[in-house]
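Residues take their numbers from the sequence shown, with the count starting at 1. Values below: every heavy atom of this structure, side chains too, minus hydrogens, waters and symmetry copies.
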Amino acid sequence: MAESREVLLRVEHLKQYFGRLKAVDDVSFDIYKGEVFGLVGESGCGKTTTGRTIIKLYEPTGGDIWFNGRHIGTGVKDKKKQIAALRREGNIDEAKRLSAELVKSQKEVRDSVSDNVMTKMQMIFQDPIASLNPRMTVRQIISEGFAIRGIRDKAYIDAKVKEVLEMVGLVSEHAERYPHEFSGGQRQRIGIARAIVLEPDLIIADEPISALDVSIQAQVINLMNDLRNKMGLTILFIAHDLSVVKYFSDRIAVMYYGKIVELADSDELFRHPLHPYTRSLLSAIPLPDPNYEKRRKRITYSPSKDHDYSVDLPSMREVCPGHFVSCNQAEFDRYLAQVAE
């Protein structure tokens, strides 16, 4: 990867378990300042859970998260299990070292929270009506972040609410209305206004267009693109519509069963998909061309048939600059040959 670019968000070995369910299992990636990072995969693969864990709606089971150079999340449960296992094995010195690291990490996370670091990260939710309080006016919804931060200047708040409403294509008169008085696309614009009013550095957009009509989807994507350029936003864009992700994202990570299986620049991923699951996803993209649709071959992904991990387990490896694939050594050699052709 390009080391000269500034990393805004760093996720290392992130885990989010719900009992025996491994919703997110050892996920690592960086998001650079100013880029749109697409996270794609089928429903249930862990995309939304990843976003919610990053923004601390869930506490991570394992791993670490850094934002703007500050430590904002650490997997306490996983580290405590490691420390307990080391003590059972009699490795007391290593257990003490890990315990000291955990105490340090927890302090760093607490300091980040007290310094309001998290206010520079906001989220746009998938379902616009479920994410808006029906008993609050649009003004109250958008300005809630100011109230939480202790800002009480009514004139300042009114001006900011009016400003962001106009930025998202609404008018100031909408401020005194309630969510049920708006269409789905307008509600999502309200959700976007709420996310940008505190002028964040990072937006986590959790499938922000999946609940909207196709015609409205394009409007919302164009709006987010305009806001990205105007405000210098960095966006983690979670979606399952690959055609939209290709248009909107600079880099794309593909998730399957809680793990990232491929990560590359958008154009590179679509030109040279290497992992069988990525090829399967791309083969499922429909095009409005009946002749192409007749010839389109759908690829079925079957992990038991496509991989043999009985001896050599997979890991993320860089096949070519910036293009990472989850594979073992035999698959890695095969992918290198494919790239060289």
Please tabulate, for side-chain N and O atoms in residues 225-232, each donor-acceptor pair with protein atoms closer than 3.5 Å (sequence neighbours left out).
unit_1, atom_1, unit_2, atom_2, d
Arg228, NH2, Gly34, O, 3.4
Arg228, NH2, Asp250, OD2, 2.7
Asn229, ND2, Asn225, O, 3.2

Quick one, Phe29 with Phe324, criterion ring pair (Phe, Tyr, Trp, His ring centres under 6.0 Å). Give me CA distance, side-chain angles, the key distance, then yes/no.
CA-CA 10 Å; Phe29 58 84; Phe324 296 81; over 10 Å; no
Run the side-chain hydrogen bond (donor to acceptor under 3.5 Å, both in side chains) check on His240 and Glu207 step by step: do they pass?
CA-CA 8 Å; His240 57 256; Glu207 301 200 39; 2.8 Å; yes
Evaluate salt bridge (Lys or Arg N to Asp or Glu O under 4.0 Å) for Lys33 paired with Asp201, printing each intermediate quantity in order.
CA-CA 8 Å; Lys33 193 169 185 178; Asp201 294 325; 5.7 Å; no
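Taking the side-chain contact (heavy atoms from CB on, under 4.5 Å) definition, one finds that Glu181 meets it with Arg177, Tyr178, sequence neighbours left out. When the salt bridge (charged side-chain N to carboxylate O under 4.0 Å, His left out) test is applied to Lys294, no partner is found at least two apart in sequence or on another chain.
The backbone N or O of Tyr58 lies less than 3.5 Å from no partner atom in the side chain of Arg52, so there is not a single donor-acceptor pair. Between the Ser249 side chain and the Lys246 main chain, no donor and acceptor come within less than 3.5 Å of each other. In this structure a side-chain-to-backbone donor-acceptor pair under 3.5 Å is present from Arg152 to Ala147. Put simply, the side chain of Thr278 never gets that close to the backbone of Leu274: no donor and acceptor are under 3.5 Å apart. In this structure a side-chain-to-backbone donor-acceptor pair under 3.5 Å is missing from Glu12 to Ser28.
Here Arg5 pairs with Glu35 in a salt bridge; the nearest charged N to carboxylate O distance falls below 4.0 Å. Under 4.0 Å is where a charged nitrogen must lie from a carboxylate oxygen, and between Asp78 and Lys15 at least one such pair does. A salt bridge does not link Lys80 with Glu101: none of the charged nitrogens is closer than 4.0 Å to a carboxylate oxygen. For Lys160 and Glu199, the salt-bridge test passes: some basic side-chain N is under 4.0 Å from an acidic carboxylate O. Salt bridge annotation for Lys79-Asp64: present, with a cationic side-chain nitrogen under 4.0 angstrom from a carboxylate oxygen. Ion pair Lys107/Asp111 flagged as a salt bridge, since at least one NZ, NE, NH1 or NH2 atom sits closer than 4.0 Å to an Asp/Glu carboxylate oxygen.
Shown here for Phe237 and Pro208, the closest heavy-atom pair between the two residues is CE1-CG, 3.6 Å. The nearest pair of heavy atoms linking Val161 to Ser143 is CG2-CB, 4.1 Å. Closest approach of Val27 and Val11 over heavy atoms only: O-CG1, 3.5 Å. When all heavy atoms of Ile235 and Ala205 are compared, the pair lying nearest together is CG2-CB, 4.3 Å. For Ile260 against Ser326, the heavy-atom pair with the smallest separation is O-CB, 3.9 Å. Closest heavy-atom contact between Ser280 and Ile299: OG-O, 2.7 Å.
The 12-atom threshold is exceeded at NZ of Lys120, counting heavy atoms of other residues, nucleotides or ligands nearer than 6.0 Å. At most 12 heavy atoms of other shown residues, nucleotides or ligands fall within 6.0 angstrom of atom NZ in Lys162.
Between the side chains of Glu176 and Thr137, no donor-acceptor pair is found at a separation under 3.5 Å. If you check the side chains of Ser310 and Asp308, you find a donor sitting under 3.5 Å from an acceptor.
Remark: of the listed residues Glu318, Met316, Glu262, Glu262 is the sole one forming a side chain to side chain contact (heavy atoms under 4.5 Å, CB included) with Val325. Of the options Tyr301, Tyr335, Tyr256, a ring-ring contact (aromatic ring centres under 6.0 Å, His included) to His275 is made by Tyr301 and by none of the others.
If you take CD1 on Ile238 and CG on Leu39, they are separated by 5.5 Å, rounding to the nearest 0.5 Å. Note that NZ of Lys96 and CD1 of Ile83 are 12.5 Å apart. Values are rounded to the nearest 0.5 Å. Taking CE of Met255 as the reference point, atom NZ of Lys47 lies at 8.5 Å (rounded to 0.5 Å). The CZ atom of Arg139 sits 12.0 Å away from the CD atom of Glu144 when rounded to the nearest 0.5 Å.
Both Met121 and Val24 are members of a single hydrophobic cluster when ILVMFWY side chains are connected at heavy-atom separations under 4.5 Å. Ile203 and Ile65 are not part of a single hydrophobic cluster, where members link through side-chain heavy atoms under 4.5 Å apart.
The cationic atom of Arg317 (NZ for Lys, CZ for Arg) lies less than 6.0 Å from the six-membered ring centre of Phe332 and within 45° of the ring axis.
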